[in-house]
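Worksheet: the structure to be examined is printed underneath.
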Amino acid sequence: MSNDSKRFPQYDELDLPKVADEVLKQWEAEDTFGQSLELRKDAPPFVFYEGPPSANGLPGIHHVMARAIKDIFCRYQTQKGHRVDRKAGWDTHGLPIELGVEKELGITKEDIGKKISIEEYNAACKKAVMRYTDVWNDMTRRIGFWLDLEKPYVTYHTKYIESVWHLLKKLYDEDLLYKGYTIQPYSPAAGTGLSSHELNQPGTYKPVKDTSAVALFKVKPDHTSEFLFKDAFGDVFIMAWTTTPWTLPSNTALTVGPKLDYVRVKTFNPYTHEPQTVVLAKSRLSAYFKEESKDASFDEYKKDGKLIPWQIIGEFYGHQLEGVRYEQLLPYATPEGGDAFKVIGGDFVTTEDGTGVVHTAPSFGADDQRVARQHNIGSLTLVDLRGRFKPEVTDFAGEYVKAEYYTEEERAAEAKKQGRDKYLSVDERIAIKLKTEGRAFKVEKYEHNYPHCWRTDKPVLYYPLDSWFVRVTAKKDRLIALNKTITWKPESTGTGRFGNWLENLQDWNLSRSRYWGIPLPIWRTAGGDEELCIGSLKQLKEEIAKSVKAGVMAGDPYASFKADDMSDGNYDTVDLHRPYVDNIVLVSPSGKPMTRETDLIDVWFDSGAMPYAQWHYPFENAQYFPPSPQEKGSGVEGEKFPAAFIAEGVDQTRGWFYTLHAIATLTQDSVAYRTVVSNGLVLDKVGQKMSKRLGNAVDPFKTLDQYGADAVRWYMISNASPWDNLKFDADGITEVQRKFFRALFNTYNFFALYANIDGYVPAHTLSGVEGVSGVEGVSGTDGRTESDRWILSRLNSVMKLADANYADYEPTIAARAIQDFVVEDLSNWYVRLNRRRFWKGEMGADKNAAFQTLHRCLEVIAMLSAPIAPFFTDRLYRDLTGSSVHLSDWPKHDETLIDTELEQRTALAQKLTSLVLSIRKKEGHRVRQPLQKVLVPVTDNTMRTRLDAIRDLVLSEVNVKELVILDASESKLTKKIKPDFKKLGARMGKLMKSVAAAVQAFDQAQIAELEAQGSMKLSVEGHEVELLRDDVEISAEAVPGLSVASDGPYTVAVDITLTDELISEGIARELVSRIQTLRKESGFEVTDRVQLHIHAEGEQQVEQAVRRHAAYIVAETLALTPEDQLLVTGTTNGDNGLHEVELDERTRCLLSLVKAGN
RNA sequence: AGUCCUGUAGCUCAGCUGGUUAGAGCGCUACACUGAUAAUGUAGAGGUCCGCAGUUCAAAUCUGCGCAGGACUACCA
């Protein structure tokens, strides 16, 4: 409830969700966001990029976190005087959208083009992808994230795609885009390649039992392999293990670890019992040979496969095997494109399992392909796209390589064909074949995890598929060098996870065989010898025109599009998605038709291209970018490039963070962002990842409804650094609400209450007054007390610290400093100590200084907290100053107002106060009972000076009459001595332990001597060492005869003797307290005057107290009763409003209290 | 499997370049306070600083090896 008649609105209760709601409406009504941009329109830009979310899914609580972090720094930079444009964006392409649409329409990929046309399918995608934009926009608004939602960039817009095409062509022209093939996970049953995303679906990896075989590859004797044949026993074989025997016909190489140790072993074949010599890694011996039959007699071998004798007859390094040739194991076909059947070296070879020799089939393994390419080894692909052996593999032609690809019935039919009861897989039959031919060493079932297609539930094959690649490896050095100029928060993500990723860079596989995405703008002739990459719509139209002219195409499907017309209307006439582009056939210079490569590009390229594509660069807005190539990367900034700051989840490290970096490096030779904050995950309260499945996901809207955006944001930011995982616990939000916001709210309400009563008018200007804003004529430091100067000093310290930490992307440190200041310094200390100044007496210099000081503190706190808690602080700031905090200039701290000495001595006052209060507690004297004397022993002059300064403060706070400083030399004191380990340790080194013991054993006389002389010689372990006064801390320990408390170096003693006079005063205070409570309970206003009478009921002490302190009681309680009429003895003479109150356990009296009619 | 992060009181977190009583808030218990009061103060209980080893006069802090949780990348003969 606000009261409009008052200058400063007062509120009954703190309702953060309501405040947020009202402020949001106000922002929308006033377009505060727009104003904040307008205000800074000529200011230097602070460039921020919004990572596009996919509106295909609903936002979760982690998005609140992510968006809050982005908002904080954008707001901070705006307050600091920058123009911060914030364009929203939507990631609209990609597999999750396709899958969602398929689920919705009840179709599968196979149905596309059959049951449903590609046009219809794409239209459905376009619709589906923006389904939740309203929900997203609503959340974005409600958490207070200021973002231009009106003109977002959308990755499916024609302009966006055109910019992407431009980038692709740029890469193409610089030979950074090429066609090759990679081994990719492929589902023969579904007939499609699988993304790693699909492979990482839960339940994809399943334990399966496969037939594994150790095959024997027969070494060919030549000069390279000569050393293997020395004293050979039978033929010489290299042992290699495989869990996929069906790949053995496609074997073209064997890979060994160049640095590993290998041995040659003389033994018998366990199946044919023929003599043989085998080669394997030394550390794998135990897996295949029994220790007990080592060096057993070869003559006595029983040919039963048990206890086969064996003997090591040679040892050598892997690199010695490189180049050794062997006979093809299963000679069904001849490899193409390179050498084959040779031993090569590869770093990836381990000796954890297998034989230390890797059977290498370049068509069916990513490692295999890579190592084969390095050594120019050809490949064999003897399996077709449906997962069946090709005809060349005569024994198994047409058979599925995995038994799982057959249905039950088919398997039974196959078994019949094989003439067996049970179907034997090709793996099993290849193993049998190897056994009979003497080419197997060990065949067994092996259980391991193998990926399955999430859709068909059948095992995946790794299969060579055509792909387009970005040759990022060509720019690896620049990628690494530029990364070193980026500020990563936290740093370890940049150097570690991201840095290592760059060090092990692979070319970027851009191809996706899908429907809903940006088409690759490359057209090729059937033979692939002529090729064209399109970089703009204009160029495309020109090529179409040529094609039409050559009679290849009938007409221009984009005829309505006018090149060079940049209007949205013009661009809306064109759709560059499939299938439209697929229908375009261009003509090559030699006159052959060229069709588009059917691939789409990786959606990561879409989002990585956003710095340019969001502005339709370079077709429009080229002025936003660094002006010339010479200036690129030379520190010259464009208006919109690169970003000063981006932030997303740490899971984007190899996603968006990488694609931005890669594209900027390759096309601009520049970083895309100067600072990146990678925020952690939001987990549930027990540290589990949130998921719908576990039902522990937190609904962001409910959370915002319940607590308000400010509390949620403050909780998230103050609780843990953005990059640490956050264990989200709603109790934590309640705590933030109670502590920080309520303290701030109460402090403001307190200020408003008295400021309104006294008609306080802040002399406020919008131009950002430094220091204290004051009333006309009462300027500057007039009337400022020690505690005013103290809180202003603390305030300026916090301003300095908060500014430095916001600037350094450390919002958590800033938030905690602000919160501590508000809760501890401002609310619990300053306001509590200075309450009287606000409500006692008329407006004067002292009172004005108090108002000024508190007003300034509140106003600055609103500004400092505004980036994190934008709603509540805006309300607070408007209440204080009449304008929006988001249009304010960041307050600059004033170094001259920071007085560390003052801060330290106030800390001392707080410490001493706490000690005295603890003595009161121990002795059972409540604070209202005045005590006579407190004694504080002092050991140095600094402390003495400080004590003098804070004397009054401490005395009034603990309600004691006098403070006595005890000199160190006073004999009553016993002292304690403690070595300063840091100082002494450095000098004493190994002697430290003994020196410390010696010092701690000092008696009072020795301590006194050290204090008097300033130094002392000690003899320790036969060494003479010098001990200086500064090497130790001396503190007073106890004052005999008084009640004492101490903490660290501080000690206080309190004289607890109660005199008659002290007791009287205590009672007077109790009375005042009771009367004040009564005033309040009676519903009187703070300023109401009263008629007061006290019936002591014969209590002598009470009567005496009232007589002695009548003036005090009258003044404190705003009573109009003449002092001598205050005490009413004996009877109750018909007074109305009589209240009995208890002063302590034994004493009670009656009070009558009536509002005075004035 | 690799890379990175985290591990301090029942809970959430501080503890800077190593320095001797390891802190705060919440929660719990007791007492007090009461013109800010769904606030506040004081006191108490509560710790193998994840474990082991090392460096050092001195390790929560530095090094190594593990363990647990998490993220990402890869998936293997």
Side-chain angles (χ1 to χ4, degrees), chain A residues 13-14 185 196 199-200 205 212 240-244 247 254-255 348-350 352-361 365-368 448-451 462 490 492-493 495-501 504 649-655 680-681 683 685 687-689 718-720 723-727 729 731-732 734-735 738-739 742-743 745-751 753 812 816 819-820 823 827-828 831-832 835-836 839 913-914 917-918 920-922 924 926-928 978-986 988-996 1048 1073 1076-1077 1079-1080 1084 1086 1116-1118:
Chain A
E13 54 171 3
L14 176 62
S196 56
L199 230 47
N200 282 331
Y205 281 84
S212 75
W241 180 58
T242 180
T243 55
T244 53
T247 61
L254 293 172
T255 309
F348 63 92
V349 179
T350 67
E352 275 158 30
D353 46 24
T355 61
V357 182
V358 176
H359 141 62
T360 303
D367 280 340
D368 303 34
H448 62 151
N449 276 324
Y450 196 83
Y462 289 87
S492 58
T493 303
T495 52
R497 187 184 291 188
F498 195 66
N500 291 332
W501 163 261
N504 300 312
V650 66
D651 55 340
Q652 293 299 330
T653 305
R654 286 154 185 182
L681 298 170
L683 309 169
K685 62 195 276 186
Q688 288 270 321
K689 201 175 168 177
S718 65
N719 192 65
W723 35 91
D724 288 334
N725 289 345
L726 173 72
K727 287 184 196 157
D729 185 356
D731 290 345
T734 316
E735 190 182 325
R738 275 210 326 260
K739 285 220 89 78
R742 197 176 301 273
F745 171 82
N746 281 341
T747 305
Y748 166 77
N749 249 5
F750 172 82
F751 166 82
L753 174 67
T812 306
R816 285 175 181 169
Q819 177 169 318
D820 286 348
V823 175
S827 175
N828 288 352
V831 172
R832 193 160 49 81
R835 267 187 300 210
R836 293 179 69 82
W839 58 269
T913 303
S914 150
L917 291 174
S918 97
R920 278 184 169 279
K921 152 89 167 92
K922 194 167 64 188
R926 44 181 59 167
V927 178
R928 274 196 294 270
K978 204 185 105 189
D980 182 334
F981 279 82
K982 196 163 185 171
K983 272 191 194 135
L984 261 182
M988 299 298 165
K990 282 185 197 293
L991 294 173
M992 187 58 207
K993 254 185 187 143
S994 321
V995 173
S1073 157
Q1076 301 289 32
T1077 310
R1079 280 183 59 109
K1080 212 173 149 197
F1084 297 173
V1086 171
E1116 289 293 312
T1117 59
L1118 299 184

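Computed from a predicted structure; not experimentally measured. By convention in this document, chain letters (A, B, ...) are assigned in the order of the sequence lines, proteins followed by strands, and residues within each chain are numbered from 1.
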Under 4.0 Å, counting only non-hydrogen atoms across every strand here, what does A:Asn749 touch: a base, just sugar-phosphate, or nothing? nothing

Begin from the C-alpha positions of A:Val831 and A:Phe750 and carry the test side-chain contact (heavy atoms from CB on, under 4.5 Å) through to its verdict. CA-CA 9 Å; A:Val831 172; A:Phe750 172 82; 3.8 Å; yes

Determine yes or no for a side-chain-to-main-chain donor-acceptor pair under 3.5 angstrom, with A:Arg832 supplying the side chain and A:Asn828 the backbone. yes

So, is A:Asn719 near the phosphate of B:rC13, with a side-chain N or O under 4.0 Å from OP1 or OP2? yes

Set out, line by line, the N/O atom pairs under 3.5 Å between protein and nucleotides 41-46 of chain B.
unit_1: B:rG41; atom_1: OP1; unit_2: A:Asn828; atom_2: ND2; d: 3.3

From A:Ser827 OG over to A:Lys739 NZ, what is the distance, rounded to the nearest 0.5 angstrom? 9.5 Å

Assign A:Lys983 to base, sugar-phosphate, or nothing according to its heavy-atom contacts below 4.0 angstrom with the strands shown. nothing

Rounded to whole Å, CZ of A:Arg816 lies from P of B:rC13 at a distance of 8 Å

Whole-angstrom distance between B:rG47 and B:rU21, as gauged at atom C1': 13 Å

Tell me every residue that passes salt bridge (charged side-chain N to carboxylate O under 4.0 Å, His left out) with A:Lys990, counting only those two or more places apart in sequence or in another chain. none

Non-hydrogen atoms of A:Glu13 and A:Phe745 that approach each other most closely: C-CZ, 3.5 Å

Round to a whole Å and report the spacing from CE of A:Met988 to P of B:rU20. 17 Å

Polar atom pairs (N or O), protein with nucleotides 1-5 of chain B, under 3.5 Å:
unit_1: B:rU3; atom_1: O3'; unit_2: A:Asn500; atom_2: ND2; d: 2.9
unit_1: B:rU3; atom_1: O2'; unit_2: A:Asn500; atom_2: ND2; d: 2.9

A:Gln819 has an atom CD; how far is it from atom C1' of B:rA14, in whole Å? 13 Å

Polar-atom pairs under 3.5 Å, protein N or O versus N or O of nucleotides 54-60 of chain B: list them with distances, or write none.
unit_1: B:rC57; atom_1: OP1; unit_2: A:Lys990; atom_2: NZ; d: 2.6
unit_1: B:rC57; atom_1: OP2; unit_2: A:Lys990; atom_2: NZ; d: 3.1
unit_1: B:rC57; atom_1: N1; unit_2: A:Gly989; atom_2: O; d: 3.2

What's the shortest heavy-atom distance between A:Asn719 and A:Arg816, and which atoms? O-NH2, 2.9 Å

Separation of B:rA36 atom C1' from A:Glu13 atom CD, nearest Å, is 16 Å

Between the base of B:rA39 and the side chain of A:Ser827, is there a donor-acceptor distance below 3.5 Å? no

Check the phosphate of B:rC76 against A:Tyr462, side-chain N and O only, distance under 4.0 Å to OP1 or OP2. Yes or no? yes

Across all strands, who's sitting opposite B:rG25 as a Watson-Crick or G-U wobble pair, both distances under 3.5 Å? B:rC11

Taking B:rC16 as the reference, what is the distance to B:rA60 when you measure between their C1' atoms (whole Å, please)? 14 Å

Partners of A:Thr653 by side chain to side chain donor-acceptor pair (under 3.5 Å), sequence neighbours excluded? none

How long is the line joining CG of A:Asp820 and P of B:rG23, in whole Å? 17 Å

State whether A:Lys739 places a side-chain N or O below 4.0 Å from either non-bridging phosphate oxygen (OP1 or OP2) of B:rA38. no

Just call it for A:Arg738: base, sugar-phosphate, or nothing, with non-hydrogen atoms closer than 4.0 Å on any strand. sugar-phosphate

I'd like the C1' distance from B:rA59 over to B:rG51, given in whole Å. 15 Å

Side-chain N or O of A:Lys978 closer than 4.0 Å to phosphate OP1/OP2 of B:rU21: yes

P-based separation of B:rC5 from B:rG10 [nearest Å]: 27 Å

Between A:Met988 and A:Val995, which heavy-atom pair has the shortest distance, and what is it? SD-CG2, 4.0 Å

Taking all non-hydrogen atoms of both residues, which atom of A:Pro979 and which atom of A:Leu984 are closest, and how far apart? CB-CD1, 3.8 Å

Residues two or more places apart in sequence or in another chain: which of them pass side chain to side chain donor-acceptor pair (under 3.5 Å) with A:Ser994? A:Glu1021

Between B:rU17 and B:rA24 - C1' atom distance, rounded Å: 23 Å

Between A:Arg835 and A:Ala720, which is nearer to the 5' end of RNA chain B once each is assigned its nearest nucleotide? A:Ala720

Could you work out the separation of B:rU20 and B:rG15 based on their C1' atoms and round it to a whole Å? 15 Å

When you compare B:rA22 with B:rU61, how far apart are their P atoms, in angstrom units rounded to a whole number? 15 Å

Residue whose closest nucleotide on RNA chain B lies nearer the 5' end, A:Val650 versus A:Glu735: A:Glu735

Rounded distance in Å between the P positions of B:rA45 and B:rU29: 16 Å

About how many Å separate CZ of A:Arg738 and CG of A:Asp731, when rounded to the nearest 0.5 Å? 9.0 Å

With a 3.5 Å limit on both atom pairs, tell me what B:rU6 is paired to, counting Watson-Crick and G-U wobble, or say none. B:rA68

With respect to the side chain of A:Asn725, which nucleotide from B:rA39, B:rU73, B:rG70 is positioned closest? B:rG70

Who is the Watson-Crick or G-U wobble partner of B:rU73, with both distances under 3.5 Å? B:rA1

How close do A:Thr812 and A:Ala720 get, counting heavy atoms only, and between which atoms? OG1-O, 3.3 Å

Which atom names give the shortest non-hydrogen contact between A:Leu254 and A:Ala240, and what distance separates them? CD2-CB, 3.9 Å

Within the distance-only criterion (no hydrogens, no angle test), does the side chain of A:Asp368 pair as donor or acceptor with the backbone N or O of A:Ala361 below 3.5 angstrom? yes

Using a heavy-atom cut-off of 4.0 Å across all strands, would you classify A:Thr243 as base, sugar-phosphate, or nothing? sugar-phosphate

What is the separation between atom CG on A:Asp731 and atom P on B:rG27, rounded to the nearest whole Å? 10 Å

Which base, if any, makes a Watson-Crick or G-U wobble pair with B:rA38, both distances under 3.5 Å? none

In the strands shown, is B:rG19 matched to any nucleotide by a Watson-Crick or G-U wobble pair with both distances under 3.5 Å, and which? B:rC57

